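We're numbering straight along the sequence, starting at 1. Everything numeric in this text was worked out from a predicted model, so none of it was measured.
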Amino acid sequence: WSGVKTTNTLAYAFGARAARAVGAQDALFSDAAGRLLEGGRCNLFVVLADGRWVTPDLACGGVAGLARAVVLERSRSFAVRHVSFEALQSAREIVATNALRGGRAVVALDGEPVGQADGPALAHVAACLAAEGE
């Protein structure tokens with residue numbers, strides 16, 4: 001059932017509980033190899049330390065969210081590739097997306113500052129989501 005939203009949300013419920021317990025808004029999920037998949041309620045876009053704009057490859061098990069699909073349809077800026085959790089620690093920017101909230105900057109991981117709150121990737125994602133019929 002990888003990549004499909006189902007009613008089996010136990011892992012997401014445990015992730016949300018763990019996130020709330022430490023004051024976080026969402027939990028991030030990885031596969032067994034440590035590759036980033038998604039957030040409990042979002043997909044992710046990342047500007048790596050070397051400046052590359054990427055989004056995790058869903059072949060490893062992430063859910064193909066609507067906001068992610070819209071951004072990828074309207075932009076060629078983000079490459080789909082594997083992203084390690086380690087790469088997030090030095091990311092210039094991390095943007096969480098979902099269809100209800102749009103794009104939001106991720107500014108801390110495990111309580112440590114990361115990325116920037118109002119960077120070019122966030123602006124680009126917001127523009128992609130706001131575009132009508134382009």
List the steps, then state whether side-chain contact (heavy atoms from CB on, under 4.5 Å) holds for Leu48 with Val54.
CA-CA 7 Å; Leu48 298 171; Val54 299; 3.9 Å; yes
For the side chain of Asn43 and the backbone of Gly65, is there at least one donor-acceptor N/O pair under 3.5 Å apart?
yes
Check the angle between the aromatic planes of Phe78 and His124 and answer parallel, tilted or perpendicular using the 30° and 60° thresholds.
tilted
Hey, any chance Leu72 and Leu37 share a hydrophobic cluster, counting ILVMFWY side chains that come within less than 4.5 Å of each other, even indirectly?
no
Same cluster for Val47 and Val106 if Ile/Leu/Val/Met/Phe/Trp/Tyr side chains link at under 4.5 Å?
no
When clusters are formed by joining ILVMFWY residues with side-chain heavy atoms under 4.5 Å apart, either directly or through shared neighbours, do Phe85 and Leu109 land in the same one?
yes
Atom CG of residue position Asp110 - does it have more than 12 heavy atoms of other residues, nucleotides or ligands inside 6.0 Å?
no
If Ile, Leu, Val, Met, Phe, Trp and Tyr residues are connected whenever their side-chain heavy atoms lie under 4.5 Å apart, and connections chain through other members, are Val70 and Trp53 in the same group?
yes
Is a donor on one side and an acceptor on the other found under 3.5 Å between the side chain of Arg35 and the backbone of His82?
no
Restricting to non-hydrogen atoms, name the atom on Cys42 and the atom on Asp26 that form the minimum distance, rounded to 0.1 Å.
SG-OD2, 3.6 Å
Please report the closest heavy-atom contact between Val95 and Gly103, naming both atoms and the distance.
CG1-CA, 4.2 Å
Would a distance-only check, ignoring hydrogens and angles, find a side-chain to backbone donor-acceptor pair under 3.5 Å from Arg92 to Ala49?
yes
Counting distance only, does the side-chain N/O of Glu38 pair as donor-acceptor with the main-chain N or O of Gly62 below 3.5 Å?
no
Gln116 versus Glu93, closest heavy-atom pair with distance
O-CG, 4.1 Å
What's the separation between atom CG in Leu28 and atom CD1 in Ile94, rounded to the nearest 0.5 Å?
7.5 Å
Looking only at heavy atoms, which two atoms of Asp57 and Val80 are closest? And how far apart?
CA-CG1, 3.6 Å
Note: Ala67 and Asn98 closest approach over all heavy atoms is CB-C, 3.6 Å
Restricting to non-hydrogen atoms, name the atom on Arg74 and the atom on Leu129 that form the minimum distance, rounded to 0.1 Å.
NH1-O, 4.0 Å
Path from Leu44 to Leu58 over hydrophobic side-chain contacts below 4.5 Å:
no
